[in-house]
Structure formats: structure tokens, C-alpha cells
There are 2 protein chains.
Amino acid sequence: KSHAKKNSPPPVVHYQLNNLTSTPDSIANGERVLVLTPLARFYQEYWDNLEQLNYPHELISLGFIIPKNREGNAALTALEEAIARTQSGHLENRFASITILRQDFAPPLASQDEKERHKMENQKVRREAMSRARNSLLFTTLGPSTSWVLWLDADIIETPPTLIQDLTSHDLPVIVPNCFQRYYNSDSGKQDIRPYDFNSWRDSAVARDLASTMGPDEILLEGYAEMPTYRSLMAYLANTDRPQPERVIPLDGVGGTALMVKAEVHRDGAMFPAFPFYHLVETEGFAKMASRLGYGSYGLPDYFVYHYNE
Amino acid sequence: KSHAKKNSPPPVVHYQLNNLTSTPDSIANGERVLVLTPLARFYQEYWDNLEQLNYPHELISLGFIIPKNREGNAALTALEEAIARTQSGHLENRFASITILRQDFAPPLASQDEKERHKMENQKVRREAMSRARNSLLFTTLGPSTSWVLWLDADIIETPPTLIQDLTSHDLPVIVPNCFQRYYNSDSGKQDIRPYDFNSWRDSAVARDLASTMGPDEILLEGYAEMPTYRSLMAYLANTDRPQPERVIPLDGVGGTALMVKAEVHRDGAMFPAFPFYHLVETEGFAKMASRLGYGSYGLPDYFVYHYNE
Ligand SMILES: Nc1nc2c(ncn2[C@@H]2O[C@H](COP(=O)(O)OP(=O)(O)O)[C@@H](O)[C@H]2O)c(=O)[nH]1
Ligand SMILES: Nc1nc2c(ncn2[C@@H]2O[C@H](COP(=O)(O)OP(=O)(O)O)[C@@H](O)[C@H]2O)c(=O)[nH]1
Ligand SMILES: [Mn+2]
Ligand SMILES: [Mn+2]
């Protein structure tokens with residue numbers, strides 16, 4: 001046993017959860033933000049965008065969970081190089097701490113290609129695995145001094161640098177920006193934008209009726225013609241011509257590409273169900289669970305973040 | 001900014017969840033155990049029993065959550081005195097680390113007295129608050145190197161010193177000993193034992209039928225004559241005359257007075273629902289959630305731990 005150990009009793013740490021705030025004045029109140037990213041592929045644009053967030057980096061901790069396969073190994077190597085540069089660079093760019101977890105289960109799909117990922121029959125098993133990855137990351141990195149959790153997918157490559165301040169300023173338990181994608185519009189011959197994430201929605205009577213006829217293990221999926229839900233999708237509620245980035249709408253399901261959550265919502269038990277929960281899984285099931293715990297979810301239809309275009 | 005900070009980049013920590021084991025050979029494999037206790041009252045006998053556990057203390061971390069009221073203040077003071085003695089005492093008695101959380105919400109009942117606590121109309125609101133306390137404790141203390149989580153109520157004052165080894169030796173996802181109570185039997189004029197915790201049970205057709213007629217927000221409670229469930233209660237399956245402490249039975253609901261959980265069960269998302277989950281809440285809802293995640297719960301009818309007698 002080392003000398004140091006003999007002389008210093010092990011640490012006892014006290015935390016007053018009731019003194020921990022999550023307020024619209026998050027910077028002024030020194031509120032700690034945990035940015036959590038499940039990461040199967042590394043994009044330099046993701047890291048550059050993360051580094052440009054101008055919320056004080058000393059208040060930001062990062063957590064990653066990476067699958068244990070060849071693609072994951074490559075992503076890890078690239079991530080580590082990016083981290084090494086940032087964490088030895090300018091002081092004000094360095095993040096407070098970084099945790100990297102390797103997953104203890106294999107991803108269910110051999111291919112991470114978008115076409116394969118988005119096939120309806122693959123969605124249930126895929127989103128259950130994503131739920132477990134998100135929960136492992138959340139349960140092991142959320143600390144007693146975290147005020148906010150920002151979920152940010154590894155393929156979100158463009159957000160306003162004020163993303164954290166902007167989302168926390170609404171002081172809502174769960175809030176989600178609108179996730180779009182830049183693409184080349186061959187009709188107009190110009191760069192354009194289009195909706196990408198369809199998991200942020202307001203429920204409909206049709207979807208509720210559909211759910212009521214389902215077996216306990218079936219799930220409702222959004223964005224598939226085979227299963228029209230007539231939910232109001234936030235993706236289609238954007239006003240791209242005259243955006244009002246502060247406009248807020250209530251939601252019943254949320255996507256996880258970029259998602260801000262007050263830490264107390266998670267602490268009370270809201271996680272990402274890997275099993276059908278009211279016929280919902282993963283981030284959509286999370287919104288339902290938050291609602292069962294008394295927390296509302298909200299969306300910003302005119303506040304855009306952009307997904308990588310494969 | 002301090003000099004130290006300037007020179008040492010912030011920590012990047014790597015964890016291989018797939019190298020983290022939870023095995024029947026927990027000591028030999030150096031598996032870390034997190035003991036979690038929601039604590040409203042401090043009993044010296046609880047602490048003495050905890051200190052006597054002979055699993056290597058350097059592998060044991062402790063976590064407490066204490067309500068923010070007068071009773072909680074008194075409990076905290078007493079706990080801190082006990083901790084100070086142990087953590088400055090014999091090296092081998094010191095625990096690896098200790099986290100104390102103060103709750104950010106008030107307990108729903110003014111009185112912590114047993115009669116008041118156990119009234120049926122108080123159970124739902126009480127167990128919902130207990131769920132939030134357990135989840136806050138779990139989400140903020142579970143680390144990436146924890147292999148096992150032992151839930152241990154603050155009024156469990158007697159267990160075998162080999163409790164941790166004994167429970168982990170079964171290598172089961174969720175396992176619960178039988179929680180009894182010592183009392184003075186005025187019929188026999190002797191000290192005797194009797195069942196205390198009725199939350200560990202095997203489901204019955206009656207309970208399932210009862211649940212199927214309930215509204216979505218109603219919960220099934222165990223141990224109330226007004227609501228006979230005909231579940232098989234582990235409390236009544238004990239063979240106190242010829243105990244076989246290794247005898248294992250499958251369970252559908254578990255109590256939380258003493259409860260061993262493989263950390264991966266929690267990491268996958270199993271928590272204590274503060275809302276009716278299949279008409280179950282708290283530890284009983286936890287067992288159901290673990291089962292939805294593919295993990296079975298088990299009980300040891302002849303392995304006893306003892307609850308304080310108020
Ligand atoms: N840890 C982990 N991350 C994954 C896995 N599959 C995808 N991801 C990451 O999780 C996020 C969402 O996955 P993605 O495939 O982009 O979903 P989509 O955009 O909805 O098709 C991205 O950050 C991925 O890099 C996986 O099996 N394990
Ligand atoms: N943090 C916290 N702990 C509590 C609260 N109420 C009870 N406890 C603790 O939670 C555990 C279970 O509660 P207890 O009242 O003993 O439940 P019972 O034995 O089922 O009646 C014990 O360790 C209590 O000290 C509370 O409001 N907050
Ligand atoms: Mn994506
Ligand atoms: Mn008790």
C-alpha cells in the first residue's frame with residue numbers, strides 16, 4: 001500500500017442537489033453541461049463545430065460511447081487525435097473532462113449505411129441497441145454537479161456556436177432544435193436544405209388509435225409510408241423563409257440528434273427505453289417517460305442544426 | 001487560472017465496458033461494488049453491520065441520499081460522525097470512496113413513522129418519492145468501473161458479513177435475500193423472527209387479472225388485506241427450521257431493503273419507475289423493467305437479513 005494512501009483517508013464528497021440549478025442564465029450561474037455522443041463514425045466537422053461552441057468550455061464535459069467493432073476502432077483513433085489537439089491547445093478551448101466508453105455489446109447491424117439503418121424492419125432492433133448505448137453512457141457519466149445534458153449525435157456537423165445558451169435560455173425540461181440537412185437541389189441547381197430527423201412530433205388521434213390496437217411488443221415508427229401516423233412532425237413546421245428561432249412548440253416525441261435535457265429529468269429516472277414503452281422506443285420513448293415523470297418536451301421548429309449528408 | 005491547470009490538460013478517461021466483469025468470483029476478479037442507501041434515519045447498527053462486511057473495503061464505494069428536512073439533518077450529522085471514525089481508522093476498514101447527496105425535493109409525508117408510512121393511501125405517493133430518490137442516487141453515483149450495485153436500506157441492521165460474496169456468487173442479474181425482523185414473541189415468551197418485506201414475490205393469475213382491469217395510473221400493492229393478490233410471497237417461502245441459504249427461486253417483483261444488481265442491468269436502463277409501470281412502482285417496477293430488458297430476478301428465501309424493529 002502506498003504511503004499516500006496510508007495518510008489520506010479516502011474522499012467523502014458532499015453534494016447538495018437542491019443547490020444545483022438549471023436556469024435560463026446558465027453561464028452566469030456557472031451551470032455544468034454534459035455533452036453526450038454515441039459515436040460510430042467520426043467526422044472532423046462534428047468536432048470542429050463542438051469546439052466552436054462558445055459556452056465556457058471549462059463548464060463542459062464530454063462523454064462518448066463507441067461500438068466495439070472495426071468501424072468503432074477507426075472512429076476512436078480519429079476522436080483521440082482530435083481530443084489530443086484540443087486538450088493541449090488554447091486553454092479556453094479545453095473541455096473540463098472527457099470520458100470515452102467502449103460498448104460491451106456488438107451493434108446489431110453489420111452495416112452502418114444509411115439505407116440499411118433506415119429500413120423499417122431494422123429499426124426496432126437498431127433503436128433498442130441505441131437505447132442501451134445511450135443509457136450506458138448516461139448512467140456512467142452523469143455526475144452530481146451536472147445541470148444540463150446535451151445529447152449530440154456524431155453526425156451533427158453544424159449548429160449555431162451559441163447552441164447551449166440558446167437551448168438553456170428557454171428554461172424547459174426537454175428541448176429539441178429542428179434537425180435539417182444541406183443537399184444539392186438538382187431542380188434548382190443550388191445548395192438547399194431539407195428536413196432530416198422525423199422523431200420530433202406532436203401526437204395525433206390516428207397514432208393514438210393505431211397504438212391502441214397494437215400488441216404490447218409492437219412499436220410505432222415515424223417517417224414510414226407503410227405506417228402513416230398523421231402526427232404533426234416538427235420537421236414540416238419549420239418556416240425556412242422567415243424563421244423565428246425562438247418559437248417554441250410542445251412535443252410528445254423527440255429526436256436525439258441534438259437534444260437538451262435538464263439533468264434532474266434524467267436523475268428522476270427518465271432514460272431511453274430499449275423496450276416498447278407506450279409503443280415507443282429510444283428518444284421518442286424518453287419523451288413519453290419524461291412526461292410520465294411530469295416533465296414536458298418542447299421543440300424549436302425554426303432553430304436549425306444540420307446532419308451530415310452521406 | 002492556476003499554474004497546475006495551465007500545464008496539465010484536463011483528463012481523458014477511457015473505460016472498456018466489455019472488460020468490466022460481474023462474476024461469481026467477484027473478489028478474485030477485483031470487482032467494484034457500489035452500496036447505495038437512501039437514508040432518512042441513521043442507525044448505528046446499520047453502520048456497524050456495513051463495516052463488518054468482509055468483502056475488501058477498497059473495492060466498496062458508498063452512496064447516500066438524504067432528505068432535506070430536520071430528520072435528514074440529524075441523520076446526516078450521525079452518518080458523518082460514523083464515516084469520520086471509519087475512514088480515519090484501520091486501513092482495511094476504510095471504504096474506497098463515499099458520496100453523500102442531499103435531496104432536491106421534500107419527502108411527501110410529514111411523518112416517517114412506520115404506521116403512517118405503511119398506510120395504503122400513502123403508499124403511492126411515498127413510493128414515487130422513494131423512486132425519485134433512488135434514481136437520483138443511482139444516476140449520479142454509478143461509475144464506469146462499477147460491477148455490482150448493492151441496494152441496502154438504512155434500517156437493515158444485521159446481515160451475514162459475507163453478504164456481498166454470497167449474493168454475487170449466484171451470478172444472477174438481480175438477486176434479493178429474505179428480509180425478516182427480530183421481535184419479542186409474547187406467546188412463546190422468547191425472541192423470535194418474522195417476515196418484514198413483502199415486495200419480493202412470484203406473480204399470480206389473480207394479480208394479473210386484477211392488473212388487467214386497472215386504469216393506467218393505478219398500482220397493485222402487496223401486503224394489504226384490501227387487495228388480495230394471491231402472489232407467492234418470498235417472505236412466506238422461508239424454511240426457518242432447516243434453512244438452505246443457497247436455495248434460489250425466480251421472482252417477478254423484488255423488495256429493495258437489500259438487493260444486489262449487476263451494474264449492466266442498471267446501465268442498460270433499469271431504474272425505479274416513479275410512475276405506474278405495468279401497475280408497479282419502485283423496486284417492484286424495477287424488477288419488471290429488468291425483465292423487459294431481458295434480465296431475470298431471483299430470491300433467496302432462506303438467506304436472511306434483518307430490518308430494524310421500531
Ligand atoms: N455507440 C454507438 N453509437 C452508434 C451506433 N450506431 C450509431 N451510433 C451513433 O449514434 C448516433 C445516431 O446514429 P445514426 O446511425 O446517425 O442514426 P440516424 O441518423 O438516425 O440514421 C450517431 O452519432 C452514430 O454515430 C452503435 O451501434 N453504437
Ligand atoms: N432519501 C430518502 N430516503 C428515505 C426517505 N424515506 C425513507 N427513506 C429511506 O429509504 C429506506 C426505505 O424507507 P423505509 O421508510 O424504511 O421503508 P419501509 O421499511 O418499506 O417502511 C430507508 O433506508 C429509509 O431510511 C426519503 O424521503 N428520502
Ligand atoms: Mn445520424
Ligand atoms: Mn425500512
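The sequence lines fix the lettering, A, B, ..., with proteins before strands; numbering per chain opens at 1. Here the structure is a predicted model, which is why all the values come from computation and not from measurement.
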Structural part of B:A270 lying under 4.5 Å from a heavy atom of chain A: backbone
For A:I100 and B:V12: C-alpha separation, side-chain torsions, deciding distance, then whether side chain to side chain contact (heavy atoms under 4.5 Å, CB included) applies. CA-CA 8 Å; A:I100 302 177; B:V12 182; 4.1 Å; yes
Report which part of A:Q16 has an atom under 4.5 Å of a heavy atom belonging to chain B: side chain, backbone, both, or neither. both
Go through the atoms of B:E80 and report whether side chain, backbone, both or neither lie under 4.5 Å from a heavy atom of chain A. side chain
Side-chain touch B:R292/A:D217, heavy atoms, less than 4.5 angstrom: yes
Who wins among B:Q103, B:H266, B:R134, B:E128 for the most heavy-atom pairs under 4.5 Å with chain A? B:H266
A:I83 portion near chain B, given a 4.5 angstrom heavy-atom threshold: side chain
Where does B:P216 contact chain A at under 4.5 Å (heavy atoms): side chain, backbone, both or neither? backbone
Single hit among A:L137, A:T140, A:T141 for side chain to side chain contact (heavy atoms under 4.5 Å, CB included) with B:P144: A:T140
Check each atom of B:F277 against the heavy atoms of chain A and say whether the ones under 4.5 Å are side chain, backbone, both or neither. side chain
Contact class of B:L101 relative to chain A, heavy atoms under 4.5 angstrom: both
Nearest-0.5 Å distance, CG of residue B:N135 to CE of residue A:M271: 9.0 Å
Which value, rounded to the nearest 0.5 Å, describes the distance between A:L20 atom CG and B:D104 atom CG? 8.0 Å
OH of A:Y15 to OG of B:S136, rounded to nearest 0.5 Å, is 14.5 Å
Salt bridge (charged side-chain N to carboxylate O under 4.0 Å, His left out) pairs, two or more places apart, involving residues 261-277 of chain B: A:R132-B:D268, B:D171-B:K262
